[in-house]
Number of protein chains: 2
Amino acid sequence: MSVGIRHDDLRRRNRAMVISAVRRAGQPSRTEIAATTGLSHSTISAISADLIQEGILTESKASEPTALKRGRPQIGLALNPEAAAVLTVVLSLNFLSVAVIDYAGQVVAEEQQRLDTLVMPRDELIGECVAIVRRRLQDPDLDIGSVARIAMGIQGITDSHARAMLWSPITPLTDIPFADILEKEFGISATMENDCNMMAVALQWRDPERYRDDFIAILLSHGIGMGLVLKGALFTGTHSSGGEFGHMIHRPGGALCRCGRRGCVEAYAGNYAIWRSAMKMSEDAEPVDVGDADMRALAAKARERDGPEREAYRRAGEALGFGLGSLFALIDPAPVAMVGVSAAAFDLIEPALREAIAQTAGGQHSESISFDTEPNELPLIREGCAMRALTFVDQEIFAPGGQARVGTGKNVA
Amino acid sequence: MSVGIRHDDLRRRNRAMVISAVRRAGQPSRTEIAATTGLSHSTISAISADLIQEGILTESKASEPTALKRGRPQIGLALNPEAAAVLTVVLSLNFLSVAVIDYAGQVVAEEQQRLDTLVMPRDELIGECVAIVRRRLQDPDLDIGSVARIAMGIQGITDSHARAMLWSPITPLTDIPFADILEKEFGISATMENDCNMMAVALQWRDPERYRDDFIAILLSHGIGMGLVLKGALFTGTHSSGGEFGHMIHRPGGALCRCGRRGCVEAYAGNYAIWRSAMKMSEDAEPVDVGDADMRALAAKARERDGPEREAYRRAGEALGFGLGSLFALIDPAPVAMVGVSAAAFDLIEPALREAIAQTAGGQHSESISFDTEPNELPLIREGCAMRALTFVDQEIFAPGGQARVGTGKNVA
DNA sequence: CACTATTTTTTTGAGGCTCGAAAAAAAGCC
DNA sequence: GGCTTTTTTTCGAGCCTCAAAAAAATAGTG
């Protein structure tokens with residue numbers, strides 16, 4: 001908070017700014033960069049010359065049809081794909097996937113694998129993750145030295161420093177310091193990210209028009225998760241990844257949640273909760289895993305006739321609506337992206353959701369709150385992990401110099 | 001987000017850093033400032049020489065007994081009280097108070113006044129606020145030219161730019177642009193702040209040990225309000241002052257809230273709600289104003305015997321507990337300060353609150369969550385307004401130069 | 001095809017800022 | 001009074017950004 005700016009930080013920050021402008025814009029010319037950053041042409045010229053010389057950027061002359069204007073044509077700057085690579089690891093229920101991504105953001109290799117996360121012992125789970133990463137790193141096509149960062153994403157709660165998985169619904173194991181494990185094993189800096197946070201990061205890159213400064217990504221799957229971006233920055237808890245929207249209280253003392261408590265939003269809106277309700281089982285019934293196919297069949301049945309299935313989705317919508325209402329009371333309304341298998345059934349959820357939200361203070365202009373849906377969360381999570389790792393490389397590896405101030409007030413996060 | 005750092009910004013930021021270090025530490029020496037900011041001695045020396053020359057800081061030689069050490073004695077730097085002044089205006093239910101505060105933070109004049117906020121027409125309410133400010137500014141002891149900022153605080157919702165009151169429980173009027181009104185009237189820059197946010201700001205200055213990076217200030221009064229500090233910064237909504245904890249949903253479709261909706265936390269924990277419940281009135285009964293004396297009497301009776309009064313406080317505690325549980329699910333647990341007349345009855349509220357919070361995901365370590373109480377909110381609100389105004393002067397008036405980049409990529413918020 | 005207009009990029013010199021090292025200042029200690 | 005210790009100031013070096021000028025690269029024009 002109260003640490004001064006050193007003279008050498010200046011160049012570092014402006015380097016980072018230029019790299020970030022190129023990553024965001026694709027192939028901007030120097031003039032464009034000068035415009036978006038507010039720096040002078042001479043500064044941009046000097047910095048980009050450095051970056052090209054170091055192999056971080058390249059001039060991409062032969063680009064577009066340049067809209068034949070008069071004057072010296074602009075030279076597009078692009079990220080050099082070979083400047084570095086990052087590796088993403090996504091661990092979800094019974095499924096592990098890894099991808100290698102070049103510096104320009106293109107996937108260059110990937111591998112997927114099924115495994116029984118729910119019953120695997122600790123050593124084995126860790127071992128499988130390490131093994132799949134090792135296989136990718138041993139790929140002869142890959143220059144292992146260029147892999148600069150590993151970002152791992154997992155469903156569940158991670159710590160606020162993105163180092164460890166604290167708790168996850170996909171395994172009974174807790175407190176696995178995946179980031180440290182991967183770093184020690186491969187000597188490559190790593191992070192352990194929360195799945196919904198990565199969804200939010202990915203949405204921000206995919207559609208910056210709609211998802212820019214303030215928005216919410218909600219995962220409607222077995223459990224209910226949330227990634228929240230406020231004022232352009234990812235929101236996290238003070239100690240954990242935070243944003244446990246699914247465990248806000250919908251009805252005190254109500255239905256049994258997978259977390260062992262009662263009345264959470266998830267206990268009404270998670271897949272298992274919708275299933276339980278549709279099957280007319282007790283609210284105290286132990287949560288069970290429901291496959292995606294079963295959920296799709298359930299949604300189909302609910303669309304077909306007005307029965308307990310439709311009522312189950314209605315109740316899910318109500319829980320989500322009141323939960324969002326409470327959330328909006330705190331942060332004001334914002335666009336929402338519904339992600340996951342039950343997002344495909346959002347037509348069944350939306351009416352009750354809107355009705356509930358309209359009864360809350362946060363829903364004052366509930367008609368204007370817009371929802372978008374995306375049934376497949378895995379690609380989003382991987383994309384988010386990739387962008388997270390790449391922007392880390394941009395800022396901390398290719399624009400260094402602000403080495404954690406040794407003197408005093410460091411902990412800059 | 002993506003705006004470069006200009007060369008001249010550097011000095012401006014480091015100037016601001018030095019001023020802020022002095023305001024925080026009281027009478028630090030140049031060496032201490034160098035240590036806390038991480039800047040070199042030469043830089044601190046140069047900047048503080050400028051600031052002294054400009055009359056912003058003063059050397060306070062004849063200070064402490066300096067613990068007679070060897071070596072050249074440290075020279076304490078202090079804020080020059082005459083460098084500027086700020087004015088605070090706090091408007092609460094039937095009460096208006098104004099204070100003039102010097103640059104070092106000392107109150108140099110104040111004035112208070114009763115008025116019927118609930119029934120005053122718009123012109124009159126605005127007129128009274130303007131009039132009391134004018135009287136203070138006309139004080140012959142005050143150099144009007146030195147008044148650099150006005151900070152007004154009000155109970156209710158303000159916009160996120162701190163310009164206008166959007167809605168307030170103390171008046172049926174809405175959307176009063178107080179900041180603009182005061183600026184036009186007096187030609188002094190002004191803001192319109194939310195009362196609970198100012199409470200939080202004040203706590204951060206009063207007790208930085210306890211209230212530093214993450215904490216919550218909750219106003220237990222007629223209504224329920226909240227000020228939230230996360231990662232050291234005041235949290236606000238995306239469009240309004242946000243943090244409307246009192247209007248999170250406790251029981252969907254439940255008791256009637258003053259906001260016209262049902263089941264809000266406030267409808268169980270606001271003074272009127274506790275009163276309604278203790279008097280065994282219907283949950284649909286229209287909220288009424290209850291005086292502080294009546295509330296104290298109610299609390300006394302609740303302590304005396306186990307009757308409907310005690311039950312009313314229990315229900316308030318339950319609502320607050322589940323609300324906090326939901327909040328903690330989002331941001332993780334943090335220290336809480338309970339402020340306002342019902343904070344004096346926190347002994348009656350706490351047991352049920354802790355019981356409720358323990359049933360939520362956010363309350364996993366509920367024993368370790370600590371509560372502090374402060375029955376009187378008005379001094380806190382004034383203090384917060386004063387510090388807000390003073391730090392604005394510190395940063396924007398005495399460390400300028402970063403004038404809203406004219407060129408292009410502005411909208412820096 | 002030479003020449004002009006236009007736009008982008010690079011070069012150059014000036015001015016500022018911070019830093020480290022050395023010097024100066026201001027005490028206590030013997 | 002001289003010596004030690006600690007704080008503060010001074011000074012030159014090294015960077016960084018900026019504005020202005022120069023260079024580069026193309027389209028239009030007769």
Side-chain angles (χ1 to χ4, degrees), chain A residues 3-18 27-53 57 59-77 399 401-403 405-407, chain B residues 3-18 27-53 57 59-77 399 401-402 405-408:
Chain A
V3 66
I5 301 182
R6 307 269 282 266
H7 199 224
D8 28 329
D9 291 349
L10 224 165
R11 192 49 174 282
R12 178 186 146 266
R13 296 209 194 189
N14 286 342
R15 268 176 73 106
M17 204 69 72
V18 170
Q27 292 201 341
S29 69
R30 291 169 177 79
T31 310
E32 278 177 65
I33 297 174
T36 59
T37 60
L39 297 170
S40 72
H41 284 198
S42 16
T43 303
I44 300 300
S45 188
I47 292 177
S48 47
D50 284 357
L51 293 173
I52 289 170
Q53 200 267 316
L57 298 185
E59 291 193 339
S60 68
K61 199 158 263 173
S63 57
E64 333 82 279
T66 47
L68 17 122
K69 282 183 310 177
R70 249 153 109 110
R72 180 174 175 170
Q74 304 191 350
I75 305 170
L77 294 177
Q403 302 97 330
R405 194 98 59 267
V406 270
Chain B
V3 65
I5 302 183
R6 308 269 282 266
H7 202 221
D8 28 328
D9 293 348
L10 224 166
R11 192 50 173 280
R12 178 185 147 267
R13 296 208 193 190
N14 286 341
R15 268 175 72 107
M17 205 68 74
V18 170
Q27 292 201 341
S29 71
R30 291 169 175 79
T31 310
E32 278 177 66
I33 297 173
T36 58
T37 60
L39 297 171
S40 73
H41 286 198
S42 17
T43 304
I44 301 299
S45 189
I47 292 176
S48 45
D50 285 357
L51 293 173
I52 290 170
Q53 202 267 317
L57 298 185
E59 293 193 339
S60 68
K61 198 159 266 177
S63 57
E64 332 83 276
T66 45
L68 18 122
K69 282 184 307 178
R70 253 156 106 108
R72 178 173 178 171
Q74 303 191 351
I75 305 171
L77 294 178
R405 195 98 60 265
V406 270
T408 52

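Hydrogens, waters and symmetry mates are skipped; everything else that's a heavy atom, side chains included, is used. Order of the sequence lines fixes the chain letters, A, B, ..., with proteins taken first and strands second; residue numbering starts at 1 for each chain.
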Asker: Atom CG of A/D50 to atom C1' of D/dC16: distance rounded to whole Å?
Answerer: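 The distance from CG of A/D50 to C1' of D/dC16 comes to 12 Å, rounded to the nearest Å.
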
Asker: Starting at the 5' end of DNA chain D and moving along, which residue's nearest nucleotide shows up first, A/I47 or B/A46?
Answerer: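 On the 5' side of the pair lies B/A46.
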
Asker: Look up atom CZ in B/R6 and atom CG in A/L10, then write down how far apart they are to the nearest 0.5 Å.
Answerer: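 So the gap between those two atoms works out to 11.5 Å.
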
Asker: Give the rounded distance in Å between these two atoms: CD1 of B/I44 and P of D/dT10.
Answerer: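 In whole Å, D/dT10 P and B/I44 CD1 are 15 Å from each other.
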
Asker: Which nucleotide sits closest to the side chain of B/R70: D/dT4, D/dG28, D/dT7?
Answerer: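 My answer, after comparing the listed nucleotides, is D/dT4.
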
Asker: Identify which nucleotide among D/dT9, C/dC19, C/dT10 has an atom closest to any side-chain atom of B/R30, counting heavy atoms from C-beta outward.
Answerer: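 In terms of side-chain proximity for B/R30, the closest of D/dT9, C/dC19, C/dT10 is D/dT9.
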
Asker: Rounded to the nearest angstrom, tell me the gap between atom CE in A/M17 and atom C1' in D/dT17.
Answerer: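 A/M17 atom CE is separated from D/dT17 atom C1' by 14 Å.
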
Asker: Do A/Q27 and A/Q74 come close enough that some side-chain heavy atom pair is under 4.5 Å?
Answerer: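 No - every pair of side-chain heavy atoms lies 4.5 Å or more apart.
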
Asker: Between A/R6 and C/dC19, is there a contact of a side-chain N or O with OP1 or OP2 at under 4.0 Å?
Answerer: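 Indeed, a polar side-chain atom of A/R6 lies that close.
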
Asker: Among C/dA25, C/dT7, C/dG20, which is the nearest nucleotide to the side chain of A/R72?
Answerer: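 Between C/dA25, C/dT7, C/dG20, the one nearest the side chain of A/R72 would be C/dT7.
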
Asker: Under the side chain to side chain contact (heavy atoms under 4.5 Å, CB included) test, which residues partner A/A46, sequence neighbours left out?
Answerer: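 Side chain to side chain contact (heavy atoms under 4.5 Å, CB included) list for A/A46, sorted by chain: A/R11.
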
Asker: Roughly how many Å is it from CD in A/E32 to P in C/dT7, rounded to a whole number?
Answerer: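 Checked: the CD to P distance equals 15 Å.
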
Asker: Separation of A/E59 atom CD from D/dA25 atom C1', in whole Å?
Answerer: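 Distance, rounded to whole Å: 13 Å.
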
Asker: Against A/V18, only a single residue in A/L77, A/T43, A/I47, A/D50 fulfils side-chain contact (heavy atoms from CB on, under 4.5 Å); can you say which?
Answerer: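 Among A/L77, A/T43, A/I47, A/D50, the one meeting side-chain contact (heavy atoms from CB on, under 4.5 Å) with A/V18 is A/I47.
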
Asker: So, is B/N14 close to the C/dC17 phosphate, meaning a side-chain N or O under 4.0 Å from OP1 or OP2?
Answerer: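 Looking at the OP1 and OP2 atoms of C/dC17, neither is under 4.0 Å from any side-chain N or O of B/N14.
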
Asker: Send over the distance from A/R12 CZ to D/dT17 P, rounded to a whole Å.
Answerer: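 For the pair A/R12 CZ and D/dT17 P, the rounded distance is 13 Å.
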
Asker: May I ask you to verify if any side-chain N or O of A/R11 is less than 4.0 angstrom from the OP1 or OP2 atom of D/dT17?
Answerer: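 The answer is yes; a side-chain N or O of A/R11 sits under 4.0 Å from OP1 or OP2.
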
Asker: With respect to the phosphate group of C/dT10, does any side-chain polar atom (N or O) of A/S45 fall under 4.0 Å of OP1 or OP2?
Answerer: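 Yes, because at least one side-chain N or O of A/S45 sits under 4.0 Å from OP1 or OP2 of C/dT10.
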
Asker: Can you tell me how far C1' of C/dT18 sits from CZ of B/R13, to the nearest Å?
Answerer: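 For the pair B/R13 CZ and C/dT18 C1', the rounded distance is 16 Å.
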
Asker: Does a side-chain heavy-atom distance below 4.5 Å link B/P28 with B/T36?
Answerer: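 The answer is no, as the side chains (C-beta and beyond) never meet within the 4.5 Å cut-off.
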
Asker: Pick the nucleotide of DNA chain C nearest each of B/L10 and A/G71; which residue has the one closer to the 5' end?
Answerer: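 It is A/G71, whose closest nucleotide lies nearer the 5' terminus.
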
Asker: By the 4.0 Å heavy-atom rule, please label B/S42 as base, sugar-phosphate, or nothing.
Answerer: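 Answer is base: heavy atoms of B/S42 come under 4.0 Å of a base.
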
Asker: So which nucleotide from C/dT8, C/dT18, D/dC16 ends up closest to the side chain of B/T43?
Answerer: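 Nearest to the side-chain atoms of B/T43, counting from C-beta on, is C/dT18.
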
Asker: Roughly, in whole Å, what's the span from CG in A/L39 to C1' in C/dT8?
Answerer: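 It is 17 Å, rounded to the nearest whole Å.
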
